[in-house]
There are 2 protein chains.
Amino acid sequence: MTSAEYPAPEMSEVQLVDILRAVADPIRLEIVRVLADGEPHSKHEDEWGFDVHKSTLSHHFKALREGGVTLTTVSGRTHVIQLRRRELDKKFPGLIDALVTEGPS
Amino acid sequence: MTSAEYPAPEMSEVQLVDILRAVADPIRLEIVRVLADGEPHSKHEDEWGFDVHKSTLSHHFKALREGGVTLTTVSGRTHVIQLRRRELDKKFPGLIDALVTEGPS
DNA sequence: GCGATTGTTTGACAAGCATCAAACAGATGC
DNA sequence: GCATCTGTTTGATGCTTGTCAAACAATCGC
């Protein structure tokens, strides 16, 4: 059982504005909100139900990973994505909460 | 003494992703951090010290205003810009704090 | 009125980005 | 081995964006 990680930036190199750019897109923001349940999620298209091509979804996952928001673990032919919650909360206190919290209409 | 407001969106129409897009730029993020002192600030170039043309700065101010982040009041020939702090805090609790807070390196 | 000040608007340009489609790559299972 | 499955990569396309430069607009002070 092989298991490897995709390259992702050190959190020490991640700037707030990188996170913001990564998250300033409707689809990517929604992905983060789903990942905020703390569980690892499959990248499989059917799990997400966005109306975009699978290569587009792959592009968004890459943007999140390279922006320092997520980690990707490969196990066999499935990829699992996770929010870097603990690191993000430490470096950018309150940010993820603010992104996930339902505000008043 | 004339004093008028520039058009800005109703906060009820502002989406989180609009705020994020507005703030996902180094210059605009820095502007927000300065405005977070709660005081109105002049738009005058010298107040900010960014190394961009004044028309570029004007463009950034516009992006912030249209994104729902700031309000602009015109008095004579000077424009004053303010963070819509109370409204933003109500609709997106903790967000501005997270943008302004200094995180660990 | 006239020049100076403050800031916006318009136009042009290069770079970046969201998207789809097709090709590719590795792992699984028969 | 071979078809299938999961996901990435590459290429193309159109849209958005950050930037500068120049023109414009409104106000102030003399």
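Just so we're clear, the structure is a prediction, and the values are computed from it rather than from any experiment. A, B, ... follow the sequence lines: proteins, then strands. Residue 1 opens every chain.
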Do the side chains of Phe61(A) and Trp48(A) get nearer than 4.5 Å, heavy atoms only? yes
* Asked: Would you say Asp51(A) has more than 12 foreign heavy atoms packed within less than 6.0 Å of its CG?
  -> no
Between OH of Tyr6(A) and P of dG7(D) the distance, given in whole Å, is 10 Å
Within residues 18-27 of chain A, the residues having a heavy atom closer than 4.0 Å to DNA chain D are none
From NE2 of His79(A) across to P of dT28(C) the rounded distance in Å is 11 Å
From NE2 of His44(A) across to P of dG7(D) the rounded distance in Å is 6 Å
- Does Arg21(B) come within less than 4.0 Å of Glu66(B), counting only side-chain N to carboxylate O? no
Charged N-O contact under 4.0 Å between Arg84(B) and Asp89(B) | no
Smallest heavy-atom separation, Ala22(A) atom then Gly67(A) atom, equals CB-CA, 4.4 Å
Per the under-4.0 Å heavy-atom filter, residues of residues 47-73 of chain A near DNA chain C come out as Asp51(A), Val52(A), His53(A), Ser55(A), Thr56(A), His59(A), His60(A)
Lys43(B) atom NZ is separated from dT27(D) atom C1', nearest whole Å, by 15 Å
Query - Pair Asp46(B) + Lys54(B): basic N to acidic O under 4.0 Å - result: no
In this structure, CD of Glu47(A) is separated from CG of Leu57(A) (nearest 0.5 Å) by 11.0 Å
Q) When you look at CD of Glu10(A), are more than 12 heavy atoms from neighbouring residues, nucleotides or ligands closer to it than 6.0 Å? A) no
Establish whether the base of dT6(C) is bridged to the side chain of Arg77(B) by a donor-acceptor pair shorter than 3.5 Å. no
When rounded to whole Å, the CD to C1' distance for the pair Glu30(B) and dG18(D) reads 18 Å
